Amino acid sequence: MSLGDKISTLVQNESERAAGPRRALLVASTALLVGLGLVGLRPSDPNDTNLIDLGMVLTLLALFLLIGAIHTYGRLGPDEGEKGSRGG
């Protein structure tokens, strides 16, 4: 069994509750990378900062989404039937 098969098995066995936050983490991290890439562009015209402004807005929105997704994903905790580190 390859590493990819093991990872996909773990992801498929994970609770359906985690699908939304996991997708939000993926979208936020991708948007964050794109936003940072846009901020790092050097425009040919120093007065043309449209892409840099777009990158700043995209980066800020991605950070908010990332913080929310991490918070939501972290609050899911162990499944109800499992014993967690919080006792039980």
Side-chain angles (χ1 to χ4, degrees):
M1 183 177 255
S2 70
L3 179 62
D5 292 336
K6 290 179 182 178
I7 291 173
S8 66
T9 302
L10 288 173
V11 169
Q12 288 173 355
N13 289 338
E14 192 174 6
S15 169
E16 288 299 318
R17 295 183 308 154
R22 191 173 53 240
R23 192 174 305 114
L25 285 170
L26 179 66
V27 169
S29 60
T30 304
L32 184 63
L33 288 175
V34 170
L36 289 174
L38 288 173
V39 168
L41 287 178
R42 181 178 299 177
S44 56
D45 180 17
N47 295 326
D48 184 24
T49 60
N50 291 334
L51 285 178
I52 295 173
D53 294 339
L54 176 66
M56 287 190 306
V57 170
L58 184 61
T59 300
L60 186 61
L61 292 175
L63 283 174
F64 283 130
L65 181 61
L66 188 64
I67 290 169
I70 289 172
H71 176 74
T72 304
Y73 194 75
R75 298 281 273 169
L76 291 177
D79 290 337
E80 293 177 11
E82 296 179 10
K83 289 185 178 181
S85 61
R86 299 181 190 179

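Everything numeric in this text was worked out from a predicted model, so none of it was measured.
Cluster annotation: Leu36 and Leu63 are assigned to the same hydrophobic cluster (Ile/Leu/Val/Met/Phe/Trp/Tyr, side-chain heavy-atom contacts under 4.5 Å, transitive). Under the 4.5 Å side-chain heavy-atom criterion for Ile, Leu, Val, Met, Phe, Trp and Tyr, Leu25 and Leu32 are members of the same hydrophobic cluster. When hydrophobic clusters are built by joining Ile, Leu, Val, Met, Phe, Trp and Tyr residues whose side-chain heavy atoms come closer than 4.5 Å, directly or via intermediates, Val34 is grouped together with Leu51. One hydrophobic cluster holds both Leu41 and Leu58 under the rule that ILVMFWY side chains link at heavy-atom gaps under 4.5 Å.
Here Leu60 contributes atom CG and Leu65 contributes atom CG; the two are 11.5 Å apart, rounded to the nearest 0.5 Å. Atom-to-atom distance recorded for His71:NE2 and Ile67:CD1 is 11.0 Å, nearest 0.5 angstrom.
Counting all heavy atoms, side chain and backbone alike, Thr30 lies closest to Leu26 at OG1-O, 2.9 Å.
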Exercise for review: Before giving the answer on side chain to side chain contact (heavy atoms under 4.5 Å, CB included), spell out for Leu38 and Ile52 the whole-Å C-alpha distance, their side-chain angles and the decisive distance to 0.1 Å.
Suggested key: CA-CA 6 Å; Leu38 288 173; Ile52 295 173; over 6 Å; no

